[in-house]
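Numbered from 1 within each chain, the chains take letters A, B, ... in sequence-line order.
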Amino acid sequence: MPEGHVLHRAARLQGRRFCGKPVWTSSPQGRFADGAATLNGQTITGIDALGKHLFYRFDEGDILHVHLGLFGKFRVRSLPAPEPSPNARLVMETATDHLHLAGPTACELITPEEEDDLCARLGPDPILDPADGADELRRRLSRRSISIGAALLDQKVVAGIGNVYRSELLFLAGIHPLTVAKALEPWAIDDIWRRSVVALKDGEKMGKIVTVLPDEMGVESPRELKRGDRLYVYKRTGAPCRRCAEPIETSNADGRNVWWCPICQPETMDLVAR
DNA sequence: GTGTCATGCGTAT
DNA sequence: TACGCCTGACACG
């Protein structure tokens, strides 16, 4: 269940194993049989992530687009690999490595024009555009009367943030998630952007989402934080805030659950209706 | 075994 | 706003 950091990490780690090598491809589940037949025997020339999307480039010009959706998962390992699950959408192997993809929302061949259209619909990616994404984010939020919580999930506003990061980033920024997006001061939007760059890059490096500062939990490094100690507010309804002990609140005003601390993220500005 | 839920998103109503 | 899609982990009986 991936946010943008997972896709950037996949591009980096899969790139090491698969770029520059011919691949055998198949679709045990059958739903990508034609595409797998087209790609079989081709050489991968590059793997790129943008937001939550992944693009594999092949030497005959084909482009494979993968979006994991809510359930999609990669398994990557060195050969020999176990039998693929019967619902594997795509299995890809070199002489030494094995990739197994199950449950994606999208696994399809697309044209360069389709890739351009798709990318044009995405906001700035904190991992790809750390330096100049803030201006773009400010522009894209300036006319939105939706809440900042809803805006951060909209991939047209910013690409790669999902439901975990949006709650955690707004906690770190001290902003209530139901705050009207266009009511935010430019410096507050810049702050959200800077925090998203740090958080997603950290997530990409570690392969998991850790937003809690290690010293707040009495350990040296984020890697030492146990499951359950890594996040400030996500899925912590009723638990004491790690900073002020106030019970964490939750709402699903926009169809997805969002969590916040009522003291650390006060209602100081315009809120959208609950 | 069954039911529920989940880090997503497009389409229909 | 609701639903459909796709899978796996976990709680419960």
Q: Could you point out which residue of Asp34(A), Val23(A), Thr25(A) forms a side chain to side chain contact (heavy atoms under 4.5 Å, CB included) with Leu39(A)?
A: Thr25(A)
Q: Once you apply a heavy-atom cut-off of 4.0 Å, does Asn257(A) come out as touching a base, just sugar-phosphate, or nothing?
A: sugar-phosphate
Q: Does anyone know the first and last nucleotide of DNA chain C in reach of chain A, 5' to 3', at under 4.0 angstrom to a heavy atom?
A: dC6(C) to dG8(C)
Q: Partners of Arg230(A) by salt bridge (Lys or Arg N to Asp or Glu O under 4.0 Å), sequence neighbours excluded?
A: none
Q: Looking at Arg139(A) and Glu136(A), does any basic side-chain N land under 4.0 Å from a carboxylate oxygen?
A: yes
Q: Taking the P atom in each of dA2(C) and dC5(B), what is the distance between them to the nearest angstrom?
A: 15 Å
Q: With a 4.5 Å limit on heavy-atom distance, are the side chains of Leu99(A) and Arg17(A) in contact?
A: no
Q: Mind checking if Lys235(A) touches a base, just sugar-phosphate, or nothing, with heavy atoms under 4.0 Å?
A: sugar-phosphate
Q: Is Arg31(A) touching bases, backbone alone, or none of the nucleic acid, heavy atoms closer than 4.0 Å?
A: sugar-phosphate
Q: Before giving the answer on salt bridge (Lys or Arg N to Asp or Glu O under 4.0 Å), spell out for Asp191(A) and Arg195(A) the whole-Å C-alpha distance, their side-chain angles and the decisive distance to 0.1 Å.
A: CA-CA 6 Å; Asp191(A) 186 49; Arg195(A) 292 181 188 281; 3.1 Å; yes
Q: Roughly how far apart, to the nearest Å, are dT7(B) and dT1(C) at atom C1'?
A: 22 Å
Q: How is Glu168(A) classified with respect to the nucleic acid when contacts are heavy atoms under 4.0 Å: base, sugar-phosphate, or nothing?
A: nothing
Q: Summarise how protein sits on nucleotides 8-13 of chain B as a single string, 5' to 3': B when a protein heavy atom is under 4.0 Å from the base, S for sugar-phosphate-only contact, - for no contact.
A: BS----
Q: Distance from Met217(A) atom CE to Leu225(A) atom CG, nearest 0.5 Å?
A: 6.5 Å
Q: For the pair made of NZ in Lys73(A) and P in dA6(B), what is the distance, rounded to whole Å?
A: 14 Å
Q: State whether Glu216(A) and Arg242(A) are salt-bridged, where the test is any N-O pair (Lys NZ or Arg NE/NH1/NH2 against Asp/Glu carboxylate O) under 4.0 Å.
A: no
Q: So, is Tyr165(A) close to the dT7(B) phosphate, meaning a side-chain N or O under 4.0 Å from OP1 or OP2?
A: no
Q: Between dC5(C) and dT13(B), how far apart are the two P atoms, rounded to whole Å?
A: 14 Å
Q: State plainly whether the residues Asp154(A) and Arg144(A) are in salt-bridge range, i.e. N to O under 4.0 Å.
A: yes
Q: Do Glu93(A) and His98(A) have a side chain donor and acceptor closer than 3.5 Å?
A: yes
